[in-house]
Amino acid sequence: MEALRTYIFDTTESTPALETALQHAEEFGLRVPDAITGSLLATLAAGAATPAASGAIAVTPAASVIGLYLLKGLGDSGHLTCIDPESEHQRHAKSCFQEAGYKSSSFRFLPSRPLEVMGRLANDSYQFVYGDVAPVDQRAFVDAAWPLLASGGVLVLADSLLDGTLADATRTDRDTVAARETDAYLREMPGTLVTRLPLGAGLTIVTKR
């Protein structure tokens, strides 16, 4: 498995803009996906996009890294909305997107708390939503993001399974309980297809049927 991962990393193309974004994330201690997970995000965004609509939302302080993967998947007609209260990270993301050659009309930034602004976005208008949120906020984030997705849209929760501690019944701390409840909530929601992958601390992918 390690040889396979090494091969994938060695043969996955990077870009100067992505390297700049990764350096910024490391400098500020921001969580980012590895190249394998990033490639999956690009593929999921591409699969969710349609000829008529290819809108995505990224809720993460690491908007520069996540955004580059999503814009790559969305294609030339894609549009990305990045939401995070830290304007410095968003300014850096804008610089990275421009360095990568994306037009300013391809993205926008909302420097606000996600749960405060998502309720003002249009329902059924997005094909992809990515969230890197605290475990205690996951349930509220899902409830805010789900109406925004069009049919066939995809919701991704990063590091949502806390490295598998959800399976340890003796863990009753606030984060573990919240993440465990959100995981169960998603699996019980009607009209969903839920996939959980051992990427990062556990990646949850939910498709809206």
So which atom in [X] and which in [Y] form the shortest heavy-atom distance, rounded to 0.1 Å?
{"X": "Cys96", "Y": "Thr20", "value": "SG-CG2, 4.1 Å"}
{"X": "Ala21", "Y": "Leu68", "value": "CB-CD1, 4.1 Å"}
{"X": "Gly200", "Y": "Asp163", "value": "O-OD1, 3.8 Å"}
{"X": "Ser160", "Y": "Leu203", "value": "OG-C, 4.1 Å"}
{"X": "Pro33", "Y": "Gly38", "value": "CB-N, 4.1 Å"}
{"X": "Leu162", "Y": "Ala179", "value": "CD1-CB, 3.7 Å"}

Would you say the side chain of [Y] lies within less than 4.5 Å of the side chain of [X], judging by non-hydrogen atoms?
{"X": "Gln138", "Y": "Tyr185", "answer": "no"}
{"X": "Glu26", "Y": "Gln23", "answer": "no"}
{"X": "Ile205", "Y": "Leu155", "answer": "no"}
{"X": "Leu186", "Y": "Leu157", "answer": "yes"}
{"X": "Tyr130", "Y": "Ile57", "answer": "no"}

With a 3.5 Å distance limit and no angle check, can you tell me whether [X] reaches the backbone of [Y] through a side-chain donor-acceptor pair?
{"X": "Thr176", "Y": "Asp173", "result": "no"}
{"X": "Thr60", "Y": "Ala62", "result": "yes"}
{"X": "Thr207", "Y": "Val154", "result": "no"}
{"X": "Arg139", "Y": "Pro135", "result": "no"}
{"X": "Thr11", "Y": "Tyr7", "result": "yes"}
{"X": "Gln90", "Y": "Asp84", "result": "yes"}
{"X": "Ser106", "Y": "Ser104", "result": "no"}

Interatomic spacing from [atom1] in [X] to [atom2] in [Y] - rounded to 0.5 Å:
{"X": "Tyr69", "Y": "Leu74", "atom1": "OH", "atom2": "CG", "answer": "15.0 Å"}
{"X": "Asp34", "Y": "Leu199", "atom1": "CG", "atom2": "CG", "answer": "7.0 Å"}
{"X": "Arg5", "Y": "Ile36", "atom1": "CZ", "atom2": "CD1", "answer": "4.5 Å"}
{"X": "Leu161", "Y": "Leu197", "atom1": "CG", "atom2": "CG", "answer": "9.0 Å"}
{"X": "Ile66", "Y": "Arg31", "atom1": "CD1", "atom2": "CZ", "answer": "10.5 Å"}
{"X": "Tyr126", "Y": "Lys208", "atom1": "OH", "atom2": "NZ", "answer": "13.0 Å"}

*Go through the structure and list residues passing side-chain contact (heavy atoms from CB on, under 4.5 Å) with Ala150, not counting sequence neighbours.*
Gln127
*Please test Thr182 against Val142 for side-chain contact (heavy atoms from CB on, under 4.5 Å), starting from the C-alpha separation and ending with a verdict.*
CA-CA 8 Å; Thr182 301; Val142 169; 4.3 Å; yes
*Do the ring planes of Phe97 and Phe109 sit parallel (below 30°), tilted (30 to 60°) or perpendicular (above 60°)?*
parallel
*Could you label the plane-to-plane angle of the His24 and His89 rings as parallel, tilted or perpendicular, counting under 30° as parallel and over 60° as perpendicular?*
perpendicular
*Take His79 and Phe107 through the test ring-ring contact (aromatic ring centres under 6.0 Å, His included) and record every step on the way to the result.*
CA-CA 5 Å; His79 186 271; Phe107 50 84; 8.0 Å; no
[X], [Y]: one ILVMFWY side-chain cluster at the under-4.5 Å cut-off?
{"X": "Val136", "Y": "Leu166", "value": "no"}
{"X": "Phe128", "Y": "Ile83", "value": "no"}
{"X": "Leu148", "Y": "Val206", "value": "yes"}
{"X": "Leu41", "Y": "Leu18", "value": "yes"}
{"X": "Leu44", "Y": "Val129", "value": "no"}

*Judged by modelled atom types alone, do Asp76 and Tyr102 share a side-chain donor-acceptor pair under 3.5 Å?*
no
_Flag for Arg108-Thr81: side-chain donor and acceptor within less than 3.5 Å_ = yes
*asked:* Heavy-atom count check: over 12 atoms from other residues, nucleotides or ligands less than 6.0 Å from Arg187 CZ?
replied: yes
*Start with the C-alpha distance between Val59 and Phe141, add both sets of side-chain angles, then the distance that settles side-chain contact (heavy atoms from CB on, under 4.5 Å), and finish with yes or no.*
CA-CA 10 Å; Val59 175; Phe141 175 78; 3.7 Å; yes
*Run through Thr165, Thr170, Thr172 and flag the one making a side chain to side chain donor-acceptor pair (under 3.5 Å) with Asp168.*
Thr170
